[in-house]
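As the structure lists them, so they are numbered: ligands from 1, and atoms in each ligand from 1.
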Amino acid sequence: MVPEKLPAWLRVYTEKISSLGVFGGNSANHVLVNEYKAGEGIMPHEDGPLYYPTVTTISLGAHILLDFYLPVDQESLEEQHQVNKTEEQRHVFSLLLEPRSLLLLREDLYTSYLHGIRPVTCDALSPRVANLEHCHAHPDHMLQRGTRVSLTIRYVPKVLKTSLFLGKGRKLREM
Ligand SMILES: O=C(O)CCC(=O)C(=O)O
Ligand SMILES: [Fe+2]
């Protein structure tokens with residue numbers, strides 16, 4: 001990763017989150033801005049070793065359900081007779097990410113589960129939403145999705161010491 005100064009408006013948030021000590025005393029140096037329109041999602045995945053052990057996400061605009069899944073290989077080790085489970089069968093629980101909320105993804109959530117967002121326009125809440133008691137939504141609610149912007153804020157320990165320029169006037173950019 002090539003380091004570049006974060007814009008001032010983002011530094012407000014990266015510094016605030018870093019001051020909580022969630023990056024082990026380091027300051028966040030990587031921000032991914034994603035926009036999801038209603039009906040858009042992201043496939044179940046793990047964030048991998050680059051950002052280990054902590055990923056933080058600010059949700060803005062609209063809510064979303066972040067779904068957690070058992071990875072296929074772990075499941076097949078535990079239950080060798082059921083190697084062909086569907087994604088739905090591997091779904092373990094979800095978290096309701098409300099607008100203006102901060103998610104800290106670490107420990108088991110980082111290492112033992114995949115996370116993803118279903119590409120739907122409406123979320124039915126259920127007891128599988130593990131943080132409902134801390135949210136404003138009622139368990140029986142159907143929540144219509146709107147446009148959500150997420151700021152995924154992380155600390156990447158390994159960055160290049162110098163900036164890299166690609167051709168005339170074109171700079172490889174990481175926020
Ligand atoms: O937008 C989100 O809340 C999740 C994004 C995500 O999982 C990722 O970029 O790795
Ligand atoms: Fe992710």
Side-chain donor/acceptor of His91 to backbone N/O of Phe93, under 3.5 Å: yes
Looking at Glu87 and Arg118, does any basic side-chain N land under 4.0 Å from a carboxylate oxygen? no
For ligand 1, what N or O to protein N or O distances fall under 3.5 Å?
from     : atom 1 : to     : atom 2 : distance (Å)
ligand 1 : 1 (O)  : Tyr36  : OH     : 2.6
ligand 1 : 1 (O)  : Arg148 : NH1    : 3.2
ligand 1 : 1 (O)  : Ser150 : OG     : 2.7
ligand 1 : 3 (O)  : Arg148 : NH1    : 3.3
ligand 1 : 3 (O)  : Arg148 : NH2    : 2.9
ligand 1 : 7 (O)  : His45  : NE2    : 3.1
ligand 1 : 7 (O)  : His115 : NE2    : 3.1
ligand 1 : 10 (O) : His45  : NE2    : 3.0
ligand 1 : 10 (O) : Asp47  : OD1    : 3.1

For Tyr52, look at atom OH and say whether over 12 heavy atoms of other residues, nucleotides or ligands are found less than 6.0 Å away. no
Does a salt bridge link Arg100 with Glu98, judged by any charged N lying under 4.0 Å from a carboxylate O? no
Quick check: do Glu40 and Pro119 have side-chain heavy atoms less than 4.5 Å from each other? no
Should Thr147 and Tyr36 count as side-chain neighbours, where that means a heavy-atom distance under 4.5 Å? no
Using a cut-off of strictly less than 2.8 Å, determine whether Asp47 has an N/O/S atom near the Fe ion (ligand 2). yes
